[in-house]
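Counting begins at 1 with the first residue of the sequence.
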Amino acid sequence: MASGAGFLSAEAKAASAAAGVGVLVEGAGSSGLKGAASGSRGGRWRPATRQGGQHGGHGGEAWVAQRVAVTGRRAGWGHQAQPGHQQQAQSASAAAATTAGGLNAEFCGRRSTRLVSKFHHGRQKLYMGKHSPEADMAAQEILQASPMSGSSTGMLLEKWSHQLVGMEDFPYLLRELGNRGEWERALEGYEWMVQQVHLRSEWSKLASIMISTLGRLGKVEIALDVFNRAQKAGFGNNVYAYSAMVSAYGRSGRCREALKVFQAMKKAGCKPNLITYNTIIDACGKGGVDLKKALDIFEEMQKEGVEPDRITFNSLIAVCSRGSLWEDSQRVFAEMQRRGIEQDIFTYNTLIDAVCKGGQMELAASIMASMRGKNISPNVVTYSTMIDGYGKLGCFEEAIGLYHDMKESGVRPDRVSYNTLIDIYAKLGRFDDALTACKDMERAGLKADVVTYNALIDAYGKQGKYKDAACLFEKMKAEGLVPNVLTFSALIDSYSKAGMHQEATNIFVEFKRAGLKPDVVLYSSLIDSCCKCGLVEDAVVLLQEMMQAGIQPNIVTYNSLIDAYGRNGQGDSLEAVKANLSNPPVQKFGEKNMEVIRRPAHPQENAGDHTGVLAAVSVFHEMQQFGLKPNVVTFSAILNACSRCASLQEASVLLEQMRFFDSWVYGIAHGLLMGLRDQVWVEALRLFDEIARMDYATGAAFYNALTDVLWHFGQREGAQKVVVAAKRRQVWENAWWRSEQQYCLDLHLMSVGAAQAMLHVWLLDLRDLVWEGHDLPRVLSILTGWGKHSKVAGFSTVKRAVESRLQEIKAPFQVGRYNEGRLVCAGHIVRAWLGDPRTSKLLTLKDAIIKSNPQWNRLPDLGLLSLKESQLADVAT
């Protein structure tokens with residue numbers, strides 16, 4: 001997104017600075033924020049300063065006219081507000097509703113009767129809670145009436161009708177029944193009310209209440225039926241009924257339908273009011289509409305003479321939050337301050353949510369600290385949002401610390417807080433703490449729900465505790481909780497990563513029997529399970545099934561197929577497999593009595609057959625046609641396919657093919673592979689710096705894949721330089737650690753190539769220490785674990801490769817006595833070995849190919865691939 005300094009007026013920037021919230025500095029040319037906090041990861045912070053300039057016309061028009069073009073950004077899993085949150089938030093808001101001088105709003109005095117009547121001229125009377133005691137008694141009798149008693153809601157209303165004389169009695173009854181979730185009784189009561197002639201003047205109001213109630217309870221289609229019948233009867237063509245229908249669609253995230261009703265409303269001659277505009281802007285946020293559309297509506301309402309209020313701005317900030325537009329959320333907040341519109345707890349909670357989704361936790365903490373200066377105390381939603389934000393960034397200790405701060409501040413955790421804490425403990429592998437939090441949750445009167453179990457099942461699965469995950473799955477069902485799509489997806493994903501394809505298939509069969517609708521995550525997990533077992537044809541069956549169900553495959557789906565084709569070393573093209581499957585009637589995967597386990601292909605049976613590499617390219621091409629952008633997993637899968645090529649030439653041609661889609665990333669990989677390191681190294685360092693700005697998992701996956709293919713084809717000095725570059729950029733930052741008693745190298749998170757290259761870097765560093773006259777500690781150890789790619793306990797490709805490498809260089813390390821994944825040696829023995837002049841030669845790595853030809857940017861020669869010409873033509877096109 002381009003810099004948006006022009007998005008704010010000078011006054012808005014000054015207001016933002018005064019509140020301690022950063023704004024973009026005019027002319028900075030980047031989207032980085034400048035604020036009051038210091039030491040931010042995003043750069044040095046400083047207070048925003050007021051900028052000069054002339055601003056004519058309406059303040060809001062200047063703000064909207066100069067807004068930046070809003071582009072889509074990644075969406076993160078965000079904290080969803082719970083009913084309990086809203087109640088506490090309202091309480092906090094009421095407590096904070098004081099003027100700057102410490103006086104509450106009532107001190108200003110009551111408006112004159114003349115002014116009040118002017119404000120409400122031509123509008124329906126607002127509900128003020130002035131219903132009669134008889135209305136309360138009627139509501140209780142309706143709620144207590146048994147369906148078997150034969151007394152319908154209409155009959156009971158008929159009984160009470162002569163006593164219900166208050167102007168708000170009948171509206172109150174509809175609201176009260178709706179608040180209790182009794183929408184059927186409310187609807188039956190509404191049907192009786194609109195048949196009473198003496199209530200004709202209230203029909204319009206009753207219809208809007210009924211539509212609003214049904215929308216709030218998720219009964220949108222029934223609400224639409226009420227709306228349509230009210231219109232046909234002549235009392236539904238008003239701003240309140242239309243606004244209620246817009247709200248009903250908006251609450252369900254159906255923004256397109258809400259916008260259609262909004263447009264129909266204007267065509268029907270009903271002028272939207274403030275409530276309508278606030279509702280449609282809120283619908284934009286819940287329906288995932290971009291900020292530009294919401295700002296268009298904001299501009300329209302001002303042109304129509306409708307002044308925005310606090311709810312308007314809160315809704316705009318919510319649109320920014322749902323789109324992870326944290327910079328824009330600050331601009332909206334600053335404009336809100338400039339106009340003198342008072343903020344409440346909802347404003348701050350939504351703003352903090354937007355900033356947390358942008359990963360700007362230091363800024364979020366500064367906003368939270370500024371709340372108390374506005375006499376607004378953080379509530380459970382504030383804390384839960386912050387805890388979740390820290391958790392998503394992997395800052396687990398900060399999240400746990402903030403949870404304890406929340407309890408010390410007297411804020412009681414709610415279900416969301418507990419579930420977030422349980423999820424964090426589970427991700428850390430601290431299952432005892434997670435289970436303790438579950439018990440604390442139960443003692444607080446909150447039973448574990450599906451979200452709780454999903455977090456535990458997912459964490460147990462990722463930690464390899466498959467039996468524990470399965471036991472939790474059975475326990476939640478025994479407690480009457482119904483597993484949802486996320487539950488099944490977590491189990492299937494866990495079994496998939498463990499290579500337990502049969503178990504994953506069994507869960508999928510149970511999922512189908514439960515009548516649940518699979519989503520792209522579940523399908524992708526099961527496709528990945530098939531691919532890891534070499535069952536590519538089964539994976540394509542699932543791919544067809546999901547596409548026939550209208551579910552678009554995502555990048556994860558295609559990455560699994562690319563990796564499977566590359567690893568198997570053979571296979572028909574994706575289109576050929578689909579064609580073979582479409583001729584006979586294909587039985588859906590996972591149906592009862594279907595034999596889904598086929599004999600996987602063994603790579604040793606396919607020596608010399610590299611059609612799978614070409615198939616991987618065809619999958620990559622199809623992924624591109626669907627507009628999916630390759631990520632680091634795609635990069636890893638392609639490089640894995642390179643490692644399966646029969647020769648360096650074939651691997652080179654494959655990478656050349658990839659350069660048609662991404663010339664920079666794959667061009668650098670190709671240059672390093674082909675011995676052109678001197679020509680591409682400057683660009684490679686620039687790429688490494690870009691990778692360093694991404695998360696840890698992305699960086700580790702990138703370097704693992706790149707060093708693997710370089711090491712495999714003998715470019716070992718290049719692989720060594722790549723792991724050194726990674727270490728300097730804090731990838732595998734805990735791989736080296738030292739104490740007075742021990743030096744340790746931890747390789748268990750690295751790929752085979754990366755582990756061997758890092759082993760040489762570590763040993764060369766120890767050699768330098770020895771040559772400089774330093775002593776080594778008592779013990780040196782190398783941890784290999786079971787290896788990143790290992791599927792069977794006790795077997796590790798990393799362990800085997802490192803042991804073999806140590807034997808080649810005659811290193812004196814031996815397998816640990818009590819730990820098969822640990823290689824150890826006494827310090828004085830290693831010192832003697834490193835002091836031997838012959839050792840330096842063994843530790844020095846060389847590249848198999850070194851070229852001085854600077855023309856590394858040439859076009860690929862597809863004829864080098866040992867594949868059929870017809871297949872090559874398919875890829876070229």
Side-chain angles (χ1 to χ4, degrees), residues 76-98 179 285-286 310-311 314-315 317-318 321-322 329 333 343-357 360-361 363-393 395-427 433-434 436-456:
W77 173 73
H79 169 71
Q80 299 296 320
Q82 302 294 317
H85 283 171
Q86 295 180 0
Q87 292 171 6
Q88 293 193 39
Q90 289 169 353
S91 168
S93 176
T98 57
N179 290 339
K286 290 175 180 173
R310 181 172 59 199
I311 296 175
N314 286 354
S315 297
I317 295 172
S321 174
R322 292 184 179 97
S329 69
F333 181 77
Q343 301 88 49
D344 60 8
I345 187 66
F346 293 107
T347 314
Y348 278 98
N349 283 345
T350 312
L351 179 65
I352 289 172
D353 185 54
V355 174
C356 286
K357 285 178 179 176
Q360 307 299 312
M361 294 310 301
L363 177 58
S366 71
I367 295 171
M368 183 176 175
S370 72
M371 292 171 64
R372 292 186 173 88
K374 299 279 187 174
N375 293 323
I376 301 175
S377 298
N379 64 6
V380 68
V381 179
T382 321
Y383 280 105
S384 295
T385 304
M386 291 287 296
I387 292 168
D388 183 61
Y390 279 124
K392 282 184 168 55
L393 281 184
C395 303
F396 298 126
E397 295 306 322
E398 289 88 342
I400 294 169
L402 190 59
Y403 171 80
H404 292 302
D405 289 345
M406 174 178 70
K407 295 184 73 174
E408 290 174 3
S409 298
V411 178
R412 292 181 58 187
D414 64 357
R415 190 185 304 277
V416 175
S417 310
Y418 279 116
N419 282 339
T420 305
L421 182 69
I422 290 166
D423 182 54
I424 289 171
Y425 278 138
K427 285 177 179 174
D433 290 329
T436 299
C438 287
K439 292 177 182 177
D440 291 343
M441 182 176 174
E442 290 180 2
R443 281 194 288 268
L446 302 168
K447 289 186 177 181
D449 59 4
V450 176
V451 177
T452 316
Y453 277 101
N454 285 351
L456 290 170

**Study point:** Contact summary for L456 and A426, nearest pair of heavy atoms
**Key:** CD2-CB, 4.4 Å

Check your understanding: If every non-hydrogen atom of I424 is compared with every non-hydrogen atom of G391, which pair is closest and at what distance?
Key -> CD1-CA, 4.1 Å

**Study point:** Distance, nearest 0.5 Å, that separates CG of L421 from NE2 of H404
**Key:** 7.0 Å

Check your understanding: What's the spacing between K357 NZ and S329 OG if we round to 0.5 Å?
Key -> 10.5 Å

**Study point:** Donor-acceptor pair between N314 and T350 side chains, under 3.5 angstrom
**Key:** no

Check your understanding: Of all heavy-atom pairs between M386 and I352, which one has the smallest distance, and what is that distance?
Key -> SD-CG2, 3.7 Å

Exercise for review: Might you work through the ring pair (Phe, Tyr, Trp, His ring centres under 6.0 Å) test for F333 and Y348, ending with a clear yes or no?
Suggested key: CA-CA 9 Å; F333 181 77; Y348 278 98; 5.5 Å; yes

Revision key, fill the gap. Here the pair of heavy atoms bringing S377 nearest to I345 is O-CD1, 3.5 Å

Point to revise | Rounded distance [0.5 Å steps], CG in N349 versus OH in Y383 | key: 11.5 Å

Review point. Does a donor on one side chain and an acceptor on the other come within less than 3.5 Å for N419 and N454?
Key: no

Revision key, fill the gap. Rounded to the nearest 0.5 angstrom, the NZ-CE distance for K374 and M371 is 11.5 Å

Point to revise | Interatomic spacing from CG in L402 to OH in Y390 - rounded to 0.5 Å | key: 6.5 Å

Review point. K439 and T436: side chain to side chain contact (heavy atoms under 4.5 Å, CB included), yes or no, with the steps?
Key: CA-CA 5 Å; K439 292 177 182 177; T436 299; 5.6 Å; no

Point to revise | CD1/I400: more than 12 non-hydrogen atoms of other groups inside 6.0 Å | key: yes

Revision key, fill the gap. Residues L393 and M361: closest non-hydrogen pair is CD1-CG, 3.4 Å

Exercise for review: Run the numbers on T347 and D344 for side chain to side chain donor-acceptor pair (under 3.5 Å), then give the verdict.
Suggested key: CA-CA 5 Å; T347 314; D344 60 8; 2.7 Å; yes

Study note, to complete from the structure: On a heavy-atom basis, the closest approach of S417 and S384 is OG-OG, 2.6 Å

Practice item. Answer whether the closest heavy-atom distance between the side chains of M441 and I422 falls below 4.5 Å. Key: yes

Check your understanding: Should D353 and T385 be marked as a side chain to side chain donor-acceptor pair (under 3.5 Å) after you check the CA-CA gap, both sets of side-chain angles, and the distance that decides it?
Key -> CA-CA 6 Å; D353 185 54; T385 304; 4.7 Å; no

Review point. Just checking, is any N or O donor in the side chain of T420 or D423 under 3.5 Å from an acceptor N or O on the other one?
Key: no

Review point. Roughly how far, to the nearest 0.5 Å, is the CZ atom of R412 from the CE atom of M406?
Key: 11.0 Å

Check your understanding: Run the side chain to side chain contact (heavy atoms under 4.5 Å, CB included) check on D440 and Y418 step by step: do they pass?
Key -> CA-CA 8 Å; D440 291 343; Y418 279 116; 4.0 Å; yes

